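All figures in this text were calculated on a predicted structure; none of them were measured in a lab.
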Amino acid sequence: MPRPDRARTVDDVLTPPVTEKRPTERSHHGDVVIDHYEWLRDKEDPAVIAHLEEENAYTKAKTKHLSLLQEQVFEEIKARTKETDLSVPTREGDWWYYSRTVEGLQYGIHCRVAARAADDWEPPAIPEDGSPLPGEQVLLDDNVEAEGHEFFSLGSFDVTADGTTLLFGVDVEGDERYTIRLRSLDGSGREFADEIPGTAAGALFDPSGRYVFYTTVDDAWRPDTVWRHEVGTPAAADVQVFHEPDERFWLGVGLTRSRRYLVLEAGSHVTSESWLLDAADPTGEFRVVWPRRDGVEYDVEHVVAGGRDRLLVVHNEGDAVDFELVSVAADDPQGDRRMLLPHDPRMRIEAAHGFRDFVALEYRRDGLPRVAIARVPPQGIPADATPDDTLHELTFDEELCSVGVGANPDWEQPSLRIGYGSFVTPSMVIDVDVASGTRTVRKQQPVLGDYHPERYAQKREWATAPDGTKVPISLVYRHDLVTLGEPAPTLLYGYGSYEHAIDPAFGIPRLSLLDRGMVFAIAHVRGGGEMGRLWYEHGKKLHKKHTFTDFIAAAEHLVDRDVTTPDRLVAQGGSAGGLLMGAVANLAPRLFAGIVAEVPFVDPLTSILDPSLPLTVIEWDEWGNPLDDPEVYAYMKSYAPVENVHAVGYPRILAITSLNDTRVLYVEPAKWVARLREVGADPLLKVEMAAGHGGVSGRYAAWRERAFANAWIIDAAGAHPSGE
């Protein structure tokens, strides 16, 4: 085994690590596959770790020439970021909660200050210098909690309704299993004896503060059980509240904004079920809202109308492909329904948010997110009211922009907090007074240095897929450095799975690309959620290849329009977007100068065939079940990146992964890289040895990793390394 601390050389020329072949047979539906690299799955094997370290050494040596550029990009990110800063305080009960960062510290600090009066909804002013607010109480300093650990992630954070006790859950490995602790907020810092290891994220107190509700995961990392813990008792005495035996379903537990009901939610990719419990009886029995029916998804939200408890239900039952909104009685949710917003194929309803005096609705139209507000009169909405009478959409001037409902935890608040931004407009926090419609910008993301939004342009174009479907592409660039129609170095990003939409958003790290004359583009391919539910349906299971051909069509469109050329075009995607990267590398390698695949799902068939692996059974609703269905098996095998590596001129490839990732295991890109080398390609593999699916923890460490990827992209696209 070569030494892991240095890459091997022959005649002073770097040669890549040689991955040992240990044949493993896989046989399904009469198809026998010999996998030479499955042995890399065992991260307890010292030989596996040694191999990964050697890959890191090789990548470091091959990218040594980018060290100066990487440091320059890191310094640009750092210089543009206000390092000592505060979030906008959010009112909940008698306190304003916020977090702040301090220059030089990796993690945030969670704080609060007392509200001045019960009816005072004006948040405290944020000091320009980012200094603590007067009367600040520090609830949790992540920097202190992270001491002595290479990785730190906060998965649960909650405070009792009376403000006296803090709950927090911490992961120091990157495997998304959190240990819950409780701490007094009386100023003593006293830690309770309560300690609950091995939990999923999202634990919370019941309204009384006497109980903690949390979930645990099974061997496949699926949250499958909800527990109730009584404060002051050992974790061994915790009560199992609900167990979900169906391996397709995840469990979650929450609390309505009104604090009237505890909510259990069970959901697969295509089916959901909710259960309610009166929060005044936390040891009682949950009752189902609508019994699950395969293919029916719904969410519930509590409101009070006409003095009665009602539930808003967003669902896709029947022909409501893009969902509709109905209201049912909370005490009889399976009884009569009142239609509030019927299905409209031009409008994908995503969520309803209930407050004492109004309802906020999130939906999509024309490929972009929208928010509307409806006031709820004390006597309830008149039976003959139409959506046009009650629903008022928030409009904005930019053609491409994103808007969404932000942190709004208090049931009685008179305003709605939203987030707004675009590719060129740094994100804003805006409070909308529901009664008057007045908007108040509470904060805009600061961008230090020489940032002038008027220098940048954003636009949308449409590519034509092989089946004639029009695929949207978003573009952003500096118009004083780039003239569309004169080829420029370009980064094309894509995802295209789980109905996840990639919407217009500002990013400081992206400026290091744009200011070097690069075009940043997003291909909004099928499988995502940009264009409604059918956009998703037509890019999953036996339609998955649309995701790949849409992305290729977008790349060809950019080349045909002379936005770029293949020798200056780089593709990027992560997780399921990494599957996209692996697929297009096999299908259209000559279209790209480079491909960046982050935590890439490039060996999907092997993973989805093994129900014992994390999250596999859950994924069958997204990809199909190749274990039982030979058609699904053959289809997945026809596009799986590892299965389809062949002798062709591959572009430069950078694969980035994490040793402790539980969602996409590091073994997938490790096997992919080994297969690519078999056919003469020279890919690079970078393995974060103390990280999870989201990469390294700590903002400076994350900036360095982003700077590394951006430096590689700049180099692969042939952009000028020094910028303007």
Practice item. Find out whether T84 and T101 are in side-chain contact, i.e. whether some heavy atom of one side chain is under 4.5 Å from a heavy atom of the other. Key: no
**Study point:** Between Y363 and F323, ring centroids under 6.0 Å
**Key:** no
**Study point:** More than 12 heavy atoms from other groups under 6.0 Å of CG on D332
**Key:** yes
Practice item. Drop me the distance from L105's CG to Y107's OH, to the nearest 0.5 angstrom. Key: 11.0 Å
Review point. Out of curiosity, D158 CG to L167 CG, how far, rounded to the nearest 0.5 Å?
Key: 6.0 Å
Point to revise | Least distance between heavy atoms, D299 atom then E350 atom | key: OD2-O, 4.5 Å
Review point. Okay, side chain of R310, backbone of V304: is any donor-acceptor separation there less than 3.5 Å?
Key: no
Check your understanding: Does K82 use its side chain to pair, donor to acceptor, with the backbone of G130 at less than 3.5 Å?
Key -> no
Review point. So, is the end of the R91 side chain (NZ or CZ) under 6.0 Å from the ring centre of W121 and within 45° of the ring's axis?
Key: yes
Practice item. Could you verify whether a donor N or O on one side chain and an acceptor N or O on the other, from Y420 and E398, lie under 3.5 Å apart? Key: yes
Study note, to complete from the structure: Scanning both residues in full, the closest heavy-atom pair of P409 with T90 reads CD-CG2, 3.2 Å
Review point. If you draw the axis of the six-membered ring of F396, does the NZ or CZ of R439 fall within 45° of it and under 6.0 Å from the ring centre?
Key: yes
Point to revise | Working for salt bridge (charged side-chain N to carboxylate O under 4.0 Å, His left out), residues R699 and E705 | key: CA-CA 10 Å; R699 56 176 176 164; E705 290 310 302; over 6 Å; no
Check your understanding: Mind checking whether L340 and V326 have side chains closer than 4.5 Å, heavy atoms only?
Key -> no
Review point. Between E393 and R365, does at least one N-O distance fall below 4.0 Å, as a salt bridge requires?
Key: yes
Check your understanding: Got a salt bridge between R116 and E122, using NZ or NE/NH1/NH2 to carboxylate O under 4.0 Å?
Key -> no
Point to revise | Main-chain N/O of T165 paired with S184 side-chain donor or acceptor, under 3.5 Å | key: no
Check your understanding: How about E285: does its CD atom have over 12 heavy atoms from other parts shown lying under 6.0 Å from it?
Key -> no
Check your understanding: Aromatic ring centroids of F157 and H110 under 6.0 Å?
Key -> yes
**Study point:** Enclosure of E191 CD (heavy-atom neighbours >12, cutoff 6.0 Å)
**Key:** yes
Review point. What's the verdict on salt bridge (charged side-chain N to carboxylate O under 4.0 Å, His left out) for E92 and R259, showing C-alpha distance, side-chain angles and the deciding distance?
Key: CA-CA 12 Å; E92 186 168 11; R259 295 185 171 266; 3.1 Å; yes
Check your understanding: Can you check whether E265's main-chain N or O pairs, donor with acceptor, with S274's side chain at less than 3.5 Å?
Key -> no
Review point. How many angstroms lie between CD in E128 and CG in L86, if you round to the nearest 0.5 Å?
Key: 11.0 Å
Point to revise | K443 with D85: basic N within carboxylate O range, under 4.0 Å | key: yes
Practice item. Before accepting this row, confirm whether a basic side-chain N of the pair R663/E176 lies closer than 4.0 Å to the acidic partner's carboxylate O. Key: yes
Point to revise | Modelled atom types, side-chain donor and acceptor of E297 and H315, under 3.5 Å | key: no
Practice item. Would you check, one step at a time, whether the test side-chain contact (heavy atoms from CB on, under 4.5 Å) holds for L394 with I418? Key: CA-CA 10 Å; L394 304 177; I418 62 171; 3.9 Å; yes
Exercise for review: Could you check H269 against Y498 for ring pair (Phe, Tyr, Trp, His ring centres under 6.0 Å), going step by step and ending with a plain yes or no?
Suggested key: CA-CA 8 Å; H269 286 302; Y498 305 110; 5.2 Å; yes
Exercise for review: Would you kindly check if the NZ (Lys) or CZ (Arg) of R228 is within the cone defined by 45 degrees around the ring axis of Y211 and under 6.0 Å from the six-membered ring centre?
Suggested key: yes
Review point. Under the 3.5 angstrom rule, does the side chain of Q106 hit a backbone N or O of N143 as a donor-acceptor pair?
Key: no
Point to revise | Distance (rounded to the nearest 0.5 Å) between E230 CD and D194 CG | key: 10.0 Å
Check your understanding: Salt bridge between D171 and R177, side-chain N to carboxylate O under 4.0 Å?
Key -> no
Practice item. Calculate, to the nearest 0.5 Å, the distance between atoms CD1 and OG1 belonging to I430 and T440 respectively. Key: 9.5 Å
Review point. Parallel under 30°, tilted from 30 to 60°, perpendicular over 60°: which one fits the rings of W411 and H302?
Key: parallel
Point to revise | OH-CZ distance between Y261 and F286, expressed to the nearest 0.5 angstrom | key: 12.5 Å
Review point. Judged by atom type as modelled, is there a donor-acceptor pair below 3.5 Å linking the side chain of S327 to the main-chain atoms of L312?
Key: no
**Study point:** pair P509-W703: side-chain heavy atoms closer than 4.5 Å
**Key:** no
Practice item. Show the numbers, then the answer: is there a ring pair (Phe, Tyr, Trp, His ring centres under 6.0 Å) between W227 and F213? Key: CA-CA 6 Å; W227 301 83; F213 286 82; over 10 Å; no
Review point. Would you say S402's side chain and P504's backbone share a donor-acceptor pair under 3.5 angstrom?
Key: yes
Review point. Using 4.0 Å as the upper bound for N to carboxylate O, is an ion pair formed by E324 and R337?
Key: no
**Study point:** Electrostatic pair E499:R348 at N-O distance under 4.0 angstrom
**Key:** yes
Practice item. Determine whether more than 12 heavy atoms belonging to other residues, nucleotides or ligands lie under 6.0 Å from atom CG of D162. Key: yes
Exercise for review: Measure from the ring center of Y298 to the ring center of W290 and say whether it is less than 6.0 Å.
Suggested key: yes
Revision key, fill the gap. Heavy atoms of F192 and R183 approach each other most closely as CE1-C, 3.8 Å
Exercise for review: Would you check if the side chain of W221 reaches a backbone N or O of D175 as a donor-acceptor pair within less than 3.5 Å?
Suggested key: yes
Review point. Would R417 and D431 pass as an ion pair if we require N to O under 4.0 Å?
Key: yes
Review point. So do the side chains of L341 and M339 get within less than 4.5 Å of each other, counting heavy atoms only?
Key: no
Review point. Are any non-hydrogen side-chain atoms of L361 and I349 less than 4.5 angstrom apart?
Key: yes
Practice item. Check whether any side-chain heavy atom of Y98 sits under 4.5 Å from a side-chain heavy atom of V88, and report yes or no. Key: no
Study note, to complete from the structure: Paired with V253, the side-chain contact (heavy atoms from CB on, under 4.5 Å) test is passed by just one of L277, V263, L204, namely L204
**Study point:** pair T199-T215: side-chain heavy atoms closer than 4.5 Å
**Key:** no
Exercise for review: Please indicate whether D281 has more than 12 foreign heavy atoms, meaning atoms of other residues, nucleotides or ligands, lying under 6.0 Å from its CG.
Suggested key: yes
Check your understanding: Does R257 count as lying over the ring of F355, i.e. NZ or CZ under 6.0 Å from the six-ring centre, within 45 degrees of the axis?
Key -> yes
**Study point:** Short N-O contact, R100 and E83, less than 4.0 angstrom
**Key:** no
Review point. Is the NZ or CZ atom of R510 positioned over F506's six-membered ring, under 6.0 angstrom from the centre and within 45° of the axis?
Key: no
Check your understanding: Can you tell me if E195 uses its side chain to pair, donor with acceptor, with the backbone of R181 under 3.5 Å?
Key -> no
Point to revise | Backbone of G421 reached by a side-chain donor or acceptor of T425 within 3.5 Å | key: no
Exercise for review: Side-chain contact test, heavy atoms from C-beta onward, threshold under 4.5 Å: evaluate it for Y456 versus Q458 and give yes or no.
Suggested key: no
